[in-house]
Amino acid sequence: MPKKKNSRPRRYWLFKSEPDVYGIDQLEKDGSTFWNGVRNYQARNLLRDEILLDDGVLFYHSNAKPMAVVGLARVCKEGYPDQTQFEDGGKYHDPDSDPADPRWYHVDVKFVAKAKEPLTRDMMKAEPKLAEMMLLQRGSRLSVQPVTRSEWQTVLRLAGMKESW
DNA sequence: GCCAACGTTGGC
DNA sequence: GCCAACGTTGGC
């Protein structure tokens, strides 16, 4: 069972998405979306237990030209079961997941802002303050990952974005 | 519980 | 298109 969610200072995250599948423009148009289809336990634990209402989300385009942080979102609904795991024949169907104890969770995020210019991976790599960022580490594949407050502030500054909530 | 084989992610 | 790094699966 999910542990009790205590109130705590806002935390920061980076969500990866392939723009061909779901990009920042689509999020801007939709206003908000559920971040579904994550099938990795480490990411699941974050989505279910750690990522809370009003947390900040950097929207990153992976497998794209350019690879970049392209916008800002915020969590508008905390972890709840991803229904696509129960859709028979669906792409995200997991026949081993028990509806009484769902295996996969997701959150909803709301569009906040688009970067004035995409903050490219190359630009991020050139910034010493971001050297420790998980995104930039070799072999880092987690699609939902934590970002430190200092990294968050640096990224926002470089991308010309402001928190507006 | 180990680990080889396999599948996927995602930068290059 | 390649392939390194990871995660998962399944035989033993």
Side-chain angles (χ1 to χ4, degrees), chain A residues 1-3 11-30 33-51 55-73 75 79-109 111 114-148 150-152 154-161:
Chain A
M1 286 297 288
K3 65 184 178 188
R11 278 156 71 179
Y12 308 98
W13 312 94
L14 180 141
F15 286 12
K16 292 182 192 173
S17 187
E18 303 193 16
D20 292 346
V21 178
Y22 195 93
I24 187 71
D25 291 334
Q26 191 63 44
L27 179 61
E28 182 173 28
K29 203 158 81 179
D30 293 346
T33 189
F34 45 80
W35 206 268
N36 70 319
V38 174
R39 297 292 181 266
N40 167 286
Y41 286 102
Q42 217 180 327
R44 187 283 307 272
N45 292 343
L46 296 177
L47 290 165
R48 189 188 59 189
D49 306 330
E50 305 290 337
I51 301 177
D55 278 358
V57 173
L58 300 174
F59 195 118
Y60 176 80
H61 280 174
S62 64
N63 258 327
K65 286 183 180 171
M67 291 177 279
V69 170
V70 292
L72 210 57
V75 176
Y80 63 107
D82 179 348
Q83 287 310 120
T84 61
Q85 69 195 298
F86 304 121
E87 287 170 1
D88 220 338
K91 182 181 173 190
Y92 297 116
H93 185 226
D94 182 350
D96 296 330
S97 181
D98 176 2
D101 184 20
R103 180 175 291 178
W104 306 114
Y105 280 69
H106 59 187
V107 301
D108 287 1
V109 299
F111 176 84
K114 225 157 110 170
K116 282 187 183 129
E117 291 294 332
L119 178 61
T120 66
R121 188 178 181 87
D122 287 343
M123 292 161 71
M124 296 170 79
K125 280 195 287 198
E127 169 55 58
K129 285 189 171 128
L130 299 180
E132 304 291 315
M133 208 171 166
M134 185 183 289
L135 178 74
L136 303 179
Q137 306 311 309
R138 181 177 164 79
S140 164
R141 303 193 319 187
L142 202 56
S143 60
V144 169
Q145 48 182 253
V147 171
T148 68
S150 133
E151 289 161 356
W152 168 265
T154 301
V155 168
L156 261 57
R157 175 170 51 79
L158 294 176
M161 298 190 289

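Chain A is the first sequence line, chain B the second, and so forth, proteins listed ahead of strands; every chain is numbered from 1. Please read all numbers here as calculations on a predicted model, not as lab measurements. Scope of the values below: all heavy atoms of this structure, side chains included, with no hydrogens, waters or symmetry mates.
Proximity note for R141(A) (side chain, C-beta onward) versus dG11(B), dG10(B), dT8(C): the nearest is dG10(B). Here the nucleotide nearest the side chain of M67(A), chosen from dG10(B), dG11(B), dG7(C), is dG11(B).
Summarising the geometry, the separation between CD on Q137(A) and P on dC6(C) is reported as 11 Å, rounded to the nearest angstrom. Protein atom CG of L135(A) is 14 Å distant from nucleotide atom P of dC6(C), rounded to whole Å. D96(A) has its CG atom 12 Å from the C1' atom of dT9(C), to the nearest Å. In this structure, CG of L142(A) is placed 9 Å from P of dG10(B), rounded to the nearest angstrom. Rounded to whole angstrom, the span from the CH2 atom of W104(A) across to the P atom of dG7(C) amounts to 12 Å. Remark: C1' of dG10(B) and NZ of K65(A) are 14 Å apart, rounded to the nearest angstrom. If you measure from atom CD of Q145(A) to atom C1' of dG11(B), you get 13 Å, rounded to the nearest angstrom. In this structure, the CZ atom of R39(A) is 19 Å from the C1' atom of dG10(B), given to the nearest Å.
The shortest distance between the side-chain N/O atoms of Y60(A) and the OP1/OP2 oxygens of dG11(B) is below 4.0 Å. Between dC12(B) and K125(A), a contact under 4.0 Å exists linking OP1 or OP2 to a side-chain N or O. A close approach under 4.0 Å does not occur between any side-chain nitrogen or oxygen of K16(A) and OP1 or OP2 of dT9(B). Between R121(A) and dC12(B) there is a side-chain N or O to OP1 or OP2 distance below 4.0 Å.
For the pair Q85(A) (side chain) and G37(A) (backbone), a donor-acceptor distance under 3.5 Å is absent. Using modelled atom types, no side-chain atom of E18(A) and backbone atom of D20(A) make a donor-acceptor pair closer than 3.5 Å.
Side-chain contact check for K129(A) versus S150(A): every heavy-atom pair is 4.5 Å or farther apart.
Each of W13(A), F15(A), Y105(A) was checked for a ring-ring contact (aromatic ring centres under 6.0 Å, His included) with W35(A), and the lone residue meeting it is F15(A).
Under 3.5 Å, the side chains of D82(A) and T84(A) contain a donor-acceptor pair of N or O atoms.
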